[in-house]
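A short write-up of the structure that comes next.
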Amino acid sequence: MTQLPVPRIEASQFDELDPRQYILIKGARVNNLKSVDVAIPRNKLVVITGLSGSGKSSLAFDTLFAEGQRMYVESLSSYARQFLGRMEKPEVEYIKGISPAIAIEQKVNTRNPRSTVGTSTEIYDYLKLLFARIGHTFSPVSGELVKKDAVTDVVNFILSQAEGERVMILAPLLIREGRTQQEELSILLSKGYNRIMINDEVAAIEDVLENPEGYSQSGNQIFILIDRAGVKHDDEDTQYRLSDSVQTSFFEGEGLCIVQVVNGERKEFSDKFELDGIIFEEPTVNLFSFNNPYGACKRCEGFGKILGIDPDLVIPDKNLSVYDGAIAPWRTEKMSEWLVPLVRNGVKFDYPIHRPYKDLTPAQKDLLWTGNQYFQGINDFISELESQTHKIQYRVMLSRFRGRTTCPDCRGSRLRKDASYVKVAGSSITDLVLMPIQDVLEFFKNIEISEHDRQIARRILTEIETRLEYMTRVGLGYLTLNRLTNSLSGGEFQRIKLATSLGSALVGSMYILDEPSIGLHPRDTQRLVGVLESLRDLGNTVIVVEHEEEVMHAADQIIDIGPEAGTGGGHVVFQGNWDDIRSRKNEGSEIVENPDMKSHTLDFLLGDDTIPVPAVRRKSLHFLELKGARENNLKDVDVKIPLNTLTVVTGVSGSGKSTLIRKILYPALMRLKGEFSEDVGRFDQLSGSVDRIESIEMIDQNPIGKSSRSNPVTYIKAYDYIRQMMSELPLSKARAYKPSHFSFNVDGGRCEICQGEGQVKIEMQFMADIYLKCEGCSGKRFKQEIQEVQYNGKDVAEILDMTVDEAIGFFRESEPKLADKLMPLQEVGLGYVGLGQSSNTLSGGEAQRVKLASFLGKGNSHKGKTLFIFDEPTTGLHFHDIKKLLKAINALVDQGDSVIIIEHNMEVIKCADWILDLGPEGGEAGGYLTFAGTPEEMTKLEGNYTADFLKEKL
């Protein structure tokens, strides 16, 4: 192992350092940190690395960020502090030179069904503003621009006439309900009007009232004569008079004003926003807000989905032609009557009835639904069924083809239909939110608008373009602004928050990031590094908790915490940059200040420790075969997945990996096994050796329990054993304590102040919620009398505070069964986790490994019959821990199970028996199967991103 000098910063040195240049942490003892002294240079990119559980997050989040948050609260008024004043100071002697702290963590902390990528990045707020300011409304009937006339437009028209030309300003006479024409004219007279125009002649109102028969009004509209004037171009008084008269005309005519040039043209003006007989809404911010009842689509109420006819249920097999029965409801003898006219008359309008549905043009597919003069389409057929719902057979038939579908009115954009009539540079806001972000960026880079509009929107356009630019730079150009936030992975959500932070361009802050490279293909990691450098170059201190080698290469400084995890960690093992690492490698330094401090990180970086490539790749005789996968961006993918092997699915972010495995394969297999599952993505057929799988286990990064009381020891069912063991002790029997007295989930032995949580949640209105130690039990969770029951000197709270490693050592001799139950947690690299550590403090990767441990601990009853699906299991793992994880996963394959891993980590990819690579790009340019085979075969590929990085590893 590489043994390097451990930097020692003496107290005297600390006092000499300038807090304007360094963040100085002295004597940090949070969690497992062993009185750590560290000086972090300000305005640099600093990577904190080390084994999982070595104390990285304790230093970055629980010490630095917690102190930054506490100092912010200290700066508030005493009135505000009374609500938040109980924030505890991290266990540390002092921290100097700290800046305002912003933490960007992994958790997707929104489950709001209305939160989208656009709203969480603030891009959508700017889009709403842009369309409200410079959007132009076009009529869906004629395609003409809808505009209303202002008083100045009318006056300008009058003044455009020749000098001295005579004009009349008129308003239509409107007969109000309940009045006669005579009464209306009398009221006009009382208002001071004297003349009207009737039969294109001007007449006095008094004359008309005295002799109504003398004026034939049949079919002629009567106009009120508001004013008569001669055109004088440079006379201000005339302009004021005309403006006043036009205003009056709009009032009397309820929005209409007519200008009659004497012996010339008559022109009508309207101050209503209307065209083609439709009154349109004027663009306002609320018109484009789907979170507001005014702007939300009336049909889907702003959710984007409705319960309607699902086109994929109507046409389930896209390989069939119309003639071969592609339209499922028309396959029965009775309903085939609907198909006959199309088959007979298709030749008349050149319709390809023998061409597979998937090969039809969009217009030809559309025609099937809408129909024409020769045949009635599917829409007419559905309408007919809906009109017959009093008959049960029609109700049953309709239910077969119903599903949650995209709302046809708003196309899934959640906005009211008429919001899409408003356009900027030819595109509506609906068009933009449904495009991939990279295409939206291209649209705004090449936007062509008038100079007047550009002046109005200059600042808004800059903000939109900057934010879109950052989104593509963090590798999220394949997402749409309409994508729901709760459907994103932890890594995607974190990178969205990173892009948002960059967009807001803060300076002089301290950004603390939790593994931003998660979920990124190595190709995109290089882009991410550029973004982190931009954040630093703005004048911020960027501290990244990270295991990715690429990010370490770019760091101004690397701080390695270790040497081991849990109680064996908590020391600064190494602090320096790449040059320091290389120079020590070249010198072959043997100087060791502390022989126990061995850096696992440097061992891997310098090649002294590696994850070995398997000597042989396992072959399989049995496969699952999935055909025609086309959900999201998948392009009719056919794929064979070998069983009893380790299969790794790779590809750049957004290429379709999760869609293929999580949205199609997993739910489709669950349905075949008769187990209820979520909606299955669109595909044609799943065949092969399905009968060789008895159970399917999805091991993802979702939390291991809904409640904050759930923890690793309850999840692997070891806590039942501990409660039983504690209830059998002599003191428990004397006091008649049952196992339930040692549970923090039910009344009895738990502390009633915190309900067995050990901490109390303080809800903050404008910051993240704060958790404080319960004052009743001092965070122990149990009543004092329960804590008096001790096993070998430890009460139940102290047992729960042990790490897995400590507990295995403690129980190895006296309770070997319990130690065996805990062993799987140690095997998957979670020896450092506390037995009673709350599940909501576990990272996604840790939660995933707890699930894996629970399967290893079960001693799989279906040996050789389980399919395990892992979604990026290396999340949050150091190289050293990946080595352990691969050993545990290979143990599953060796006992005959099948494993599929969605992964970007090259160490895992090189250990696969079989690789499926999707791509070539993310989003619309992805969704193809670009390779299937062994890692060795893959390295022969040219121009494949995964292959390029894999060559370095093999």
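Note: hydrogens, waters and symmetry copies are ignored here, and every other heavy atom, side chains too, is used.
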### Summary
In terms of heavy-atom contacts, P90 and A66 come closest through CG-CB, 4.0 Å

### Query
Does a salt bridge link D609 with K883, judged by any charged N lying under 4.0 Å from a carboxylate O?
yes

### Task
First locate atom CD1 of I696, then atom OH of Y666, and finally report the distance between them rounded to the nearest 0.5 Å.
7.5 Å

### Query
What pair of heavy atoms forms the shortest contact from G55 to N32, and how long is it?
CA-OD1, 3.5 Å

### Sidechain-backbone polar pair: K910 side chain, I611 backbone, donor-acceptor under 3.5 Å
yes

### Query
Taking C-beta and beyond as the side chain, do K657 and R662 meet within less than 4.5 Å on heavy atoms?
no

### Task
Keeping the roles fixed (side chain from D62, backbone from V30), state whether a donor-acceptor pair exists under 3.5 Å.
no

### Task
Mind listing the closest non-hydrogen atom pair of L51 and A565 along with its distance?
CD1-N, 4.0 Å

### Task
Please round to the nearest 0.5 Å and tell me the distance separating atom CD1 of I95 and atom CG of L64.
5.5 Å

### Query
Looking only at atom types and distance, does a side-chain atom of R781 sit under 3.5 Å from a main-chain N or O of G836, one as donor and one as acceptor?
yes

### Query
For L877, does its backbone N or O pair with a side-chain atom of T874 as donor and acceptor, under 3.5 Å?
no

### Under 3.5 Å donor-acceptor, R735 side chain and E785 backbone
yes

### Message
For P824, give me all partners under side chain to side chain contact (heavy atoms under 4.5 Å, CB included), at least two apart in sequence or on another chain.
### Response
A853, L856

### Task
Using the side chain to side chain contact (heavy atoms under 4.5 Å, CB included) rule, take V804 and L835 through it: C-alpha gap first, then chi angles, then the decisive distance, then the call.
CA-CA 6 Å; V804 171; L835 294 187; 3.9 Å; yes

### Task
Check the pair S727 / H741 against side chain to side chain donor-acceptor pair (under 3.5 Å), numbers first and verdict last.
CA-CA 8 Å; S727 68; H741 281 83; over 6 Å; no

### Message
Set out, in order, the CA-CA distance, both residues' side-chain angles and the distance that settles side chain to side chain contact (heavy atoms under 4.5 Å, CB included) for N711 and S838, then state yes or no.
### Response
CA-CA 5 Å; N711 54 43; S838 174; 5.9 Å; no

### Backbone N/O of R618 and side chain of T645: donor-acceptor pair under 3.5 Å
no

### Message
What I'd like to find out is whether the side chain of F879 reaches to under 4.5 Å of the side chain of E549, using heavy atoms alone.
### Response
yes

### Task
Tell me yes or no: between the side chains of T875 and E515, is some donor less than 3.5 Å from an acceptor?
no

### Task
Hey, could you give me the OG/CG distance between S854 and L825, rounded to the nearest 0.5 Å?
9.0 Å

### Message
Could you check whether any side-chain N or O of H547 sits under 3.5 Å from a backbone N or O of G50, counting only pairs where one atom can act as donor and the other as acceptor?
### Response
yes

### Query
Given the rule in the side chain to side chain contact (heavy atoms under 4.5 Å, CB included) test, do L852 and L892 qualify, once you have shown the distances and angles that lead to the verdict?
CA-CA 10 Å; L852 173 59; L892 293 172; 3.7 Å; yes

### Query
Mind checking whether I882 and V908 have side chains closer than 4.5 Å, heavy atoms only?
yes

### Closest contact, heavy atoms only, S689 versus H622
OG-CB, 3.5 Å

#### Entry: Side-chain heavy atoms of I25 within contact of E67, under 4.5 Å
no

## Note on the structure
residues 825-838 vs salt bridge (charged side-chain N to carboxylate O under 4.0 Å, His left out), sequence neighbours excluded, gives none

### Task
To the nearest 0.5 angstrom, please state how far the OG1 atom of T647 sits from the CG atom of D913.
7.0 Å

### Message
Ignoring hydrogens and geometry beyond distance, is a side-chain donor-acceptor pair present between Q724 and E728 at under 3.5 Å?
### Response
yes

#### Entry: Salt bridge present between E752 and R750 (N-O < 4.0 angstrom)
yes

### Backbone N/O of H880 and side chain of D603: donor-acceptor pair under 3.5 Å
no

### Message
Would R723 and S743 count as a side chain to side chain contact (heavy atoms under 4.5 Å, CB included) here? Give the steps.
### Response
CA-CA 7 Å; R723 289 190 297 133; S743 166; 3.8 Å; yes

### Query
Under 3.5 Å, side chain of D795 to main-chain N/O of E788, donor-acceptor pair present?
no

### Query
What is the distance from atom CD of Q69 to atom CZ of F61, rounded to the nearest 0.5 Å?
12.0 Å

### Task
Give a yes or no on whether the backbone of E546 and the side-chain of T49 come within a donor-acceptor separation of less than 3.5 Å.
yes

### Query
What is the distance from atom CD1 of I889 to atom CZ of R849, rounded to the nearest 0.5 Å?
10.0 Å

### Task
Flag the pair D894 and K887 as a salt bridge only when some basic side-chain nitrogen lies within less than 4.0 angstrom of an acidic carboxylate oxygen.
no

### Message
Under 3.5 Å, is there a donor on one side chain and an acceptor on the other for T866 and S695?
### Response
yes

### Query
Any idea which heavy atoms bring I512 and A60 closest together, and the distance?
CD1-O, 3.4 Å

### Query
Under a 4.0 Å N-O cut-off, is there an ion pair linking K56 with D560?
no

### Modelled atom types, side-chain donor and acceptor of N905 and E907, under 3.5 Å
no

### Query
With a 4.5 Å limit on heavy-atom distance, are the side chains of I722 and F742 in contact?
no

### Query
Which atoms form the tightest heavy-atom contact between K821 and I716, and what is the distance?
O-CD1, 3.4 Å

